[in-house]
Amino acid sequence: SEKITVQNVSRSYESTQALADVSFSVAEGEFCCVVGPSGCGKTTLLRAIAGLDDPDDGSILVGGDPVTGPGLNRGMVFQEYALFPWRTVRGNVRFGLDRPACDCPDCEARVRELIGLVGLDGFGDAYPKELSGGMKQRVGIARALAVDPEILLMDEPFGSVDAWTRDRLHSELLDIWTQTGQTIVFVTHDIDEAVMLADRVVVMDANPGTVQSTVSIDLEHP
Ligand code: ADP
Ligand code: ADP
């Protein structure tokens with residue numbers, strides 16, 4: 001079934017049209033990569049799905065519900081980690097659960113489970129500045145998964161780590177995807193990365209940002 005439906009979405013900034021009539025959908029459990037050159041509107045699109053930006057036109061449905069603002073059914077991972085520097089790993093992961101809308105019965109256990117899921121057992125008391133880039137992004141992923149979101153949105157999440165670490169994070173992410181059955185939208189400008197990870201690739205053009213094509217990838221994941 002369709003988990004995310006983007007219908008005729010347009011968004012302009014003062015002098016730039018970032019998105020022009022963008023439509024596509026993502027099936028439940030699908031790993032969808034959005035690729036395209038820098039400036040084609042990928043971040044704008046992802047922020048719109050997250051409810052962090054309000055498109056001028058069109059509609060976005062997540063799990064059948066219209067997106068009208070940020071919500072707990074969407075987890076977001078940012079390129080530059082965006083961790084809270086004054087919170088520990090545990091505190092960062094827990095952040096999502098502390099919101100009033102959450103009635104998680106056993107937050108401590110959940111946080112411990114998430115820290116383990118991303119391979120950071122033993123680092124719960126560490127602060128972000130004590131962690132490597134790869135480890136920081138694992139915290140970002142755990143934090144995004146904390147609310148058990150319906151979909152996981154990732155904006156060039158591995159753009160700031162070295163190639164070696166990126167390879168490792170790719171296989172870890174595919175393991176997490178297999179374990180959780182998450183629906184993922186993963187934005188990147190790297191076509192090789194997209195083809196390696198995705199079930200389906202949405203290819204965008206720039207000036208203004210439009211969907212050029214969508215391609216299904218039949219390759220088995222490693
Ligand atoms: P991408 O993520 O593919 O690099 P973006 O969504 O960041 O693309 O940007 C799409 C276009 O919109 C670019 O031309 C960018 O300069 C412009 N843009 C993005 N954010 C803003 C903003 N806050 N104000 C003005 N222009 C913006
Ligand atoms: P980067 O390459 O971005 O600096 P890595 O994730 O490759 O980040 O980690 C670099 C170093 O951090 C590793 O060599 C290891 O010492 C330590 N490290 C990373 N992840 C873990 C982990 N899950 N458990 C223990 N140590 C880790």
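Here the structure is a predicted model, which is why all the values come from computation and not from measurement. For ligands, and for the atoms within them, numbers begin at 1 and follow the listed sequence.
Partners of Arg47 according to the side chain to side chain donor-acceptor pair (under 3.5 Å) rule, which considers only residues two or more places apart in sequence or in another chain, do not exist here.
Between Leu152 and Leu145 there is a side-chain heavy-atom pair separated by less than 4.5 Å. Residues Glu150 and Glu28 fail the side-chain proximity criterion, which asks for heavy atoms closer than 4.5 Å. No side-chain heavy atom of Met76 sits less than 4.5 Å from a side-chain heavy atom of Pro149.
Salt bridge absent: Lys3 and Glu30 never bring a charged side-chain N and a carboxylate O closer than 4.0 Å.
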Name each N or O atom in ligand 1 that is under 3.5 Å from a protein N or O, and give the partner atom and the distance.
from, atom 1, to, atom 2, distance (Å)
ligand 1, 2 (O), Thr43, N, 2.9
ligand 1, 2 (O), Thr43, OG1, 2.9
ligand 1, 3 (O), Gly39, N, 3.4
ligand 1, 3 (O), Cys40, N, 3.1
ligand 1, 3 (O), Gly41, N, 3.0
ligand 1, 3 (O), Lys42, N, 2.9
ligand 1, 3 (O), Lys42, NZ, 2.9
ligand 1, 4 (O), Gly39, N, 2.7
ligand 1, 6 (O), Thr44, N, 2.9
ligand 1, 6 (O), Thr44, OG1, 2.6
ligand 1, 8 (O), Gly41, N, 3.1

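Aromatic ring orientation, Phe31 versus Trp177: perpendicular (interplanar angle above 60°, classes split at 30° and 60°).
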